[in-house]
Visitor: 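Okay, handing you the structure first.
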Amino acid sequence: MAREKELRRSLAVFPIGTVMKLTDLTARQIRYYEDQGLIQPERTAGNRRMYSLNDMDRLLEIKDFLDDGYNIAAIKREYEEREVRAQQKQVTLTDADVRRILHDELLQQGRFTTPSQQFGNLRI
DNA sequence: TTTCTCACA
DNA sequence: TGTGAGCA
């Protein structure tokens, strides 16, 4: 998914009333899931909770998990696992970048650029 | 009017 | 998880 689209999905623009209608959850439930750490909506200057499309998707997913018999703790673990996997993916990408960089360095050997100069232009 | 926090005949 | 109180 394009990062710009991901950013749009992360924009918190819905008040709890809208989320209630779109997810068919009560305000009580939505706030409770937040207390349990399942979602972290933003707050306005007036302390109003504001939700993003991603929050909406997560709430709908939480509903499905609950229907399937999972308890709040299990769902929380699932999201913590996803967070870990996401971070590991980042590390993997970084390692891949490093390998590509070293590979490029080898290709540059014997040519006109020096490793130090190349490294100065690398962006990771 | 809507949302917030807190508390429980 | 529901519901009502008292605010902002």
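All values reported here derive from a predicted model rather than from experimental measurement.
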Visitor: Find the distance Arg43(A):CZ to dT2(B):P and express it as a whole number of Å.
Guide: 19 Å
Visitor: Distance check needed: dT5(B) C1' versus Asn47(A) CG, whole Å only.
Guide: 9 Å
Visitor: Rounded to the nearest angstrom, tell me the gap between atom CG in Asp67(A) and atom P in dT1(C).
Guide: 11 Å
Visitor: Record whether the side chain of Arg31(A) comes under 3.5 Å of the base of dT5(B) through a donor-acceptor pair of N or O atoms.
Guide: no
Visitor: For Asp55(A) and Ser52(A), test the side chains for any donor-to-acceptor distance below 3.5 angstrom and give the result as yes or no.
Guide: yes
Visitor: Counting neighbours of OH on Tyr70(A) that are heavy atoms of other residues, nucleotides or ligands and sit closer than 6.0 Å, is the number greater than 12?
Guide: no
Visitor: Watson-Crick or G-U wobble partner for dT1(B), using a 3.5 Å limit on both distances?
Guide: none
Visitor: If I take atom CG in residue Leu59(A) and atom P in nucleotide dT1(C), what distance separates them, rounded to the nearest angstrom?
Guide: 12 Å
Visitor: Please report, rounded to the nearest Å, how far the P atom of dT5(B) is from the CD atom of Glu34(A).
Guide: 8 Å
Visitor: Rounded to whole angstroms, how far apart are CE on Met20(A) and C1' on dG2(C)?
Guide: 12 Å
Visitor: Assuming nearest nucleotide by heavy-atom distance, tell me which of Arg28(A) and Ile16(A) is located more 5' along DNA chain B.
Guide: Ile16(A)
Visitor: dC4(B) C1' sits how many Å from Tyr51(A) OH, rounded?
Guide: 11 Å
Visitor: Does any part of the side chain of Arg58(A), heavy atoms only, come nearer than 4.5 Å to the side chain of Tyr33(A), both counted from C-beta?
Guide: no
Visitor: Heavy atoms from C-beta onward define the side chain here; which of dC4(B), dT3(B), dT1(C) lies closest to that of Tyr32(A)?
Guide: dT1(C)
Visitor: Could you tell me the Watson-Crick or G-U partner of dC7(C), where both distances fall under 3.5 Å? Say none if there is no partner.
Guide: none
Visitor: Taking only side-chain N and O atoms of Arg49(A), does any of them lie within less than 4.0 angstrom of OP1 or OP2 on dC4(B)?
Guide: yes
Visitor: What about Arg48(A), does its side chain sit under 3.5 Å from the base of dT2(B) through a donor-acceptor pair?
Guide: yes
Visitor: Taking any strand in view, what nucleotide pairs with dC8(B) in a Watson-Crick or G-U wobble way, both distances under 3.5 Å?
Guide: dG2(C)
Visitor: In terms of heavy-atom contacts, does CD of Glu6(A) have more than 12 from other residues, nucleotides or ligands at under 6.0 Å?
Guide: yes
Visitor: Quick one: Leu25(A) CG to dT1(C) P, roughly how many Å, whole number?
Guide: 9 Å
Visitor: Ignoring backbone atoms, test whether Thr26(A) places a side-chain nitrogen or oxygen under 4.0 Å from the OP1 or OP2 oxygen of dT1(C).
Guide: no
Visitor: Do other residues, nucleotides or ligands put more than 12 heavy atoms under 6.0 Å from the CZ atom of Arg3(A)?
Guide: no
